[in-house]
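Letters go in sequence order (proteins before strands), and every chain restarts at 1. All heavy atoms count here, side chains included; hydrogens, waters and symmetry mates do not.
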2 protein chains.
Amino acid sequence: MSNKNVFLEKYFLMTRSEENYLKTIFHLGGGDSKSITTNAIAEQMETKPSSVTDMAKKLSEKGLVDYVRYQGVSLTDAGVKTALSIIRKHRLWEVFLVKKLDFTWDEVHEVAEQLEHIKSEKLIDKIDELLEFPKHDPHGDPIPTKDGKFQERDEKLLSEMPINSQGVCVGVKDSSVPFLKFLDKNKIALGNTIKVLDKEDFDNSLRIQMDGKEMRISHQIAANLYVKKND
Amino acid sequence: MSNKNVFLEKYFLMTRSEENYLKTIFHLGGGDSKSITTNAIAEQMETKPSSVTDMAKKLSEKGLVDYVRYQGVSLTDAGVKTALSIIRKHRLWEVFLVKKLDFTWDEVHEVAEQLEHIKSEKLIDKIDELLEFPKHDPHGDPIPTKDGKFQERDEKLLSEMPINSQGVCVGVKDSSVPFLKFLDKNKIALGNTIKVLDKEDFDNSLRIQMDGKEMRISHQIAANLYVKKND
DNA sequence: AATTAAATTTAGACAAAGCTAAAAATAGAT
DNA sequence: ATCTATTTTTAGCTTTGTCTAAATTTAATT
């Protein structure tokens, strides 16, 4: 019961629950040294704030988050690294499910949610290799590198943007007359800021916000608009 | 909190621990209506008999084992079915790891031990399909069918036999003169009963028992001898 | 600056899965 | 048939992760 291997104890032996908390904190922005409230975490994870407090203490003990009572939590460098490794696994498994097993867009999340907790570095590296080192998951979100780097591509198709992200319109893929006319008619112009509010699984159409007003656009349109992500 | 869906509650929502117990009981022979002692289970699982007793009660509650105090446990039909579905998953994942990700013989078990608990029927069916419905895992053990049938092949290569299994020598694959001379010299003849005592991971050689005496044979030999399993 | 509303933490409880130590039942040997 | 020795179970405690309800701190408003 002695303190044999602090490194192993603190960083490798993560429980499923701990990993889920780190992932959530990262997604809520707590990797940018921003403090995330216990309430926000509780809401996201569909649990109670008091449970979050308990876990915050535990993760703080392990050096994975900075936690100040009543002030919320933010990930430490070690916490960010761990969160990224889980997100990497999640997204690689999503690619695997879609590319190798013909899962659809909307089926992958639940299963990847389980697979991301499998503990084997070799396994995920081999999956990465099998998939030929994909850069993005099926939703267009970037896959962190093995050494925990986030290679955020700053130009992408609007259809690949995650929900709640926003960017400036920087180009078109289809430059046909009908398409450009459509953009003009709908006051979509280069330089406009567009925020993705929601995606409809049924037809992949998007609800977006532009210049303060909301609108819905089809997947075909979104898949031909390049935007530069800025948040 | 009402008793909404008994089927779901009893059969689908299995914990990892419950699944591991069922698998162990099956492997110890408790599927053949034979009673397995709590001590045997505890030893196999590297836990304590008292913990096994607790779980026996729980699994009995759920209708997965028959448990009589001081008499041990045996799997019910539902228990056998569940155990086989876990074993099926374990073995399919092993094949996947070896065939698709270049894992070696000895690396697969630990990872498959985790993967077997992933809950997604579609996932394992798709893996099965990807692998073109293999009949045996990398160790030569049979993969149960989706509807829980064990298709024990009664003829297999000696090199594919699991440790502690035994069979009667029924044929050769390589019928070249040098090979047959070797068999003759070592008194290995059709009709002999051979028991696999141990496998050496390093060179895949086997320690076997034949006619009461022990000997070691290379993988190349074992991979060219057909035996008919009989226990 | 004081008071109230909202957010957060503490305290105490629970279920799952395990352990230890003591009690009870079975089985083996005489 | 009785008595040990072994096996098995019970009772009570531990840890992890969760919850509820009560207490406390922060923030917002007057």
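S17(A) has a side-chain polar atom (N or O) that falls below the 4.0 Å cut-off from OP1 or OP2 of dT18(D). Residue Y70(A) places no side-chain N or O under 4.0 Å from the OP1 or OP2 atom of dT10(C). Considering only side-chain N and O atoms, T38(B) lies under 4.0 angstrom from the phosphate OP1 or OP2 of dT9(D). When the side-chain nitrogen and oxygen atoms of S50(A) are compared with OP1 and OP2 of dA21(D), none of them lie within a distance under 4.0 Å. The side chain of R16(A) contributes no N or O atom lying less than 4.0 Å from OP1 or OP2 of dT16(D). Side-chain N/O atoms of R69(B) include one lying less than 4.0 angstrom from OP1 or OP2 on dT10(D).
With D203(B) contributing its side chain and S205(B) its backbone, the two residues share a donor-acceptor pair below 3.5 Å. Using modelled atom types, one side-chain atom of T76(B) and one backbone atom of G63(B) make a donor-acceptor pair closer than 3.5 Å. In this structure, K119(B) contributes its side chain and H117(B) its backbone to a donor-acceptor pair below 3.5 Å.
Applying side chain to side chain donor-acceptor pair (under 3.5 Å) to E116(A) and the options K89(A), R91(A), K23(A) leaves one that passes, K23(A).
Closest contact between the side chain of K48(A) and the listed nucleotides dT10(C), dT20(D), dA7(C) involves dT20(D). Nearest nucleotide to the side chain of N39(A), out of dT10(C), dT8(D), dT8(C): dT8(C). You'll find that the side chain of Y67(A) is closest to dT9(C), out of dT10(D), dT9(C), dT8(D).
Ion pairing between a basic and an acidic side chain is recognised when a charged N comes within 4.0 Å of a carboxylate O; E200(B) and R216(B) show no such pairing.
Note: CG (N20(A)) to C1' (dT16(D)) measures 14 Å, nearest angstrom. The nearest whole Å value for the distance from the CE atom in M45(A) to the P atom in dC19(D) is 10 Å. Look at NZ on K57(B): it is 16 Å from P on dA15(C), rounded to the nearest Å. Regarding E43(B), its CD atom lies at a distance of 10 Å from the P atom of dT7(D), rounded to whole Å. We find that CE of M14(A) is positioned 14 Å from C1' of dT16(D), with the value rounded to whole Å.
There is no side-chain donor-acceptor pair under 3.5 Å between N39(B) and T37(B).
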Using nucleotides 12-14 of chain C, report all nitrogen or oxygen pairs with the protein that are shorter than 3.5 Å.
none

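Checking M55(A) against Q71(B), the closest nucleotide of DNA chain D that is more toward the 5' end is the one next to Q71(B).
Under the 6.0 Å cut-off for aromatic ring centres, F96(B) and F96(A) qualify, their centroids lying closer than that.
Residue-level contact check: S51(B) touches the bases, meaning some heavy atom is under 4.0 Å from a base atom.
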